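Okay, so here's the structure we're looking at.
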Amino acid sequence: MRSLSSKIASKFRRGEALDAEELTHRRVAMVTEQIAGRGIRDRYLLQAMREVPRHEFLPKNARCHAYEDRPLSIGEGQTISQPYIVAAMIEPLGCGSDDHVLDIGTGSGYQAAILARLVRSVVSIEFRPSLAAQARKTLTRLGILNVTVLDGDGSDGAPIFSPYDAIVVAAGAPAVPPDLLSQLSKRGKMVVPVGTTDLQHLTFLRRSGQSLNEEVRESCVFVPLVGRQGWRHSGAK
Ligand code: SAH
């Protein structure tokens, strides 16, 4: 039988036993170094990232890596995005506390949780049912009640809950999914990584009545957006 101290030591190695104080310390350092340090200025966004416990959105054995500067595996071949990319997508949208937002690619639910701190309500869609179920559990456990996680193909959006003040797509698309544009409010904004399955660029779209402004910004690498307006499951369209 293993001794108690060897059990504790192996828990430490897996990162399960990091105490709350240490995790908070790492999270605050992450925001200072990786987020504010790279030019993100929105104080509400910085505060949300200081408060939302990213480690809670990860499998237990990955929690010790929660505040590192990279995406991490969440199972099913999918990833939780690098924290900086979450901030770089959300800040330019300039979301307000009265906004209603669509988040496509729930994954772990972390990005939905950040958005939930900034806006009135979030609809989040996930293609893979097991990830959607896990994200629902995590959000409920953390008392985040203004996110509705839907199962399904988010490349079609969720017209029933539209219009949205902002749409955030957290998976790489071959092109801007046209159905999503029609679900934006009159002054709605959207961000979607567009490119190949290996490399995309964050593409920001801003609707102003009938006209649409498009701006292509930094490069990024997301898992593929699958589904009707995305890539086929195999990766190639
Ligand atoms: N925002 C997530 C990370 C997203 S990873 C987080 O904070 O953890 C991208 C996610 O998009 C994966 O979970 C993948 O299953 C999902 N996805 C891919 N195509 C999708 C589609 N058409 N509709 C909804 N979700 C999709």
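Atoms considered below: every heavy atom in the structure, side chains included; atoms not considered: hydrogens, waters and symmetry mates. Predicted model only: the values in this text are computed from it and were never measured. In listed order, ligands and their atoms are each counted from 1.
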In ligand 1, which numbered atoms sit nearer than 4.0 Å to a non-hydrogen atom of Gly152? 23 (N), 24 (C)

Option nearest atom 2 (C) of ligand 1 (shortest heavy-atom distance, choices Ile114, Leu115, Thr106): Thr106

Specify the protein heavy atom at minimum distance from atom 16 (C) of ligand 1: its residue, its atom name, and the distance to 0.1 Å. Glu126 OE1, 3.4 Å

Side-chain donor-acceptor contact under 3.5 Å, Arg187 with Ser208: yes

So does Asp156 get a backbone contact from the side chain of Arg228, meaning a donor-acceptor N/O pair under 3.5 Å? no

Side chains of Thr196 and Asp198, donor plus acceptor under 3.5 Å: no

Side chain, backbone, both or neither: which part of Asp103 has a heavy atom under 4.0 Å from ligand 1? neither

Per-residue contact class, Val223 against ligand 1 - non-hydrogen pairs under 4.0 Å: side chain

What about Asp153: any of its N or O atoms under 3.5 Å from an N or O on ligand 1? yes

Euclidean distance, Tyr84 OH relative to Arg38 CZ, rounded to 0.5 Å: 7.0 Å

Those atoms of ligand 1 less than 4.0 Å from some heavy atom in Arg128: 14 (C), 15 (O)

Using a 4.0 Å cutoff against the non-hydrogen atoms of Pro224, which atoms of ligand 1 qualify? 18 (C), 19 (N)

With a sphere of 6.0 Å drawn around CZ of Arg43, does it hold more than 12 non-hydrogen atoms of other residues, nucleotides or ligands? no

Element-labelled atoms of ligand 1 that are located less than 4.0 Å from some non-hydrogen atom of Ser108: 6 (C), 7 (O), 8 (O)

At less than 4.0 angstrom from any non-hydrogen atom of Leu131, what atoms of ligand 1 do you find? 13 (O)

Can Arg217 and Glu215 be counted as an ion pair, charged N to O under 4.0 angstrom? yes

Would you find more than 12 non-hydrogen atoms of other residues, nucleotides or ligands less than 6.0 Å from His25 atom NE2? no

Taking only heavy atoms of Ile80 into account, list the atoms of ligand 1 that are under 4.0 Å away from them. 8 (O)

Identify the protein heavy atom lying closest to atom 12 (C) of ligand 1, giving its residue, its atom name and the separation to 0.1 Å. Gln78 OE1, 3.3 Å

Taking only heavy atoms of Thr79, which atoms of ligand 1 are found under 4.0 Å from at least one of them? 3 (C), 4 (C), 5 (S)

Side-chain contact test, heavy atoms from C-beta onward, threshold under 4.5 Å: evaluate it for Leu58 versus Tyr110 and give yes or no. no

Salt bridge flag under 4.0 Å for residues Lys186 and Asp165: no

Ser155 heavy atoms within 4.0 Å reach ligand 1 at atoms 22 (N)

Can you check whether Val226 has an N/O within less than 3.5 Å of an N/O in ligand 1? yes

Among Ala170, Ala112, Ser130, Gly105, whose heavy atom sits nearest atom 11 (O) of ligand 1? Gly105

Just checking, any donor-acceptor pair under 3.5 angstrom between side chains of Ser81 and Gln111? no

Top protein contact for atom 23 (N) of ligand 1, by heavy-atom distance: Gly154 N, 2.7 Å

Filtering Trp231, Phe57, Tyr110, Phe127 for the heavy atom nearest atom 24 (C) of ligand 1 leaves Phe127

What is the ring orientation for His55 with Tyr67, classed by angle as parallel under 30°, tilted 30 to 60°, or perpendicular over 60°? perpendicular

Within the 4.0 Å heavy-atom cut-off, what Gln111 brings close to ligand 1 is both

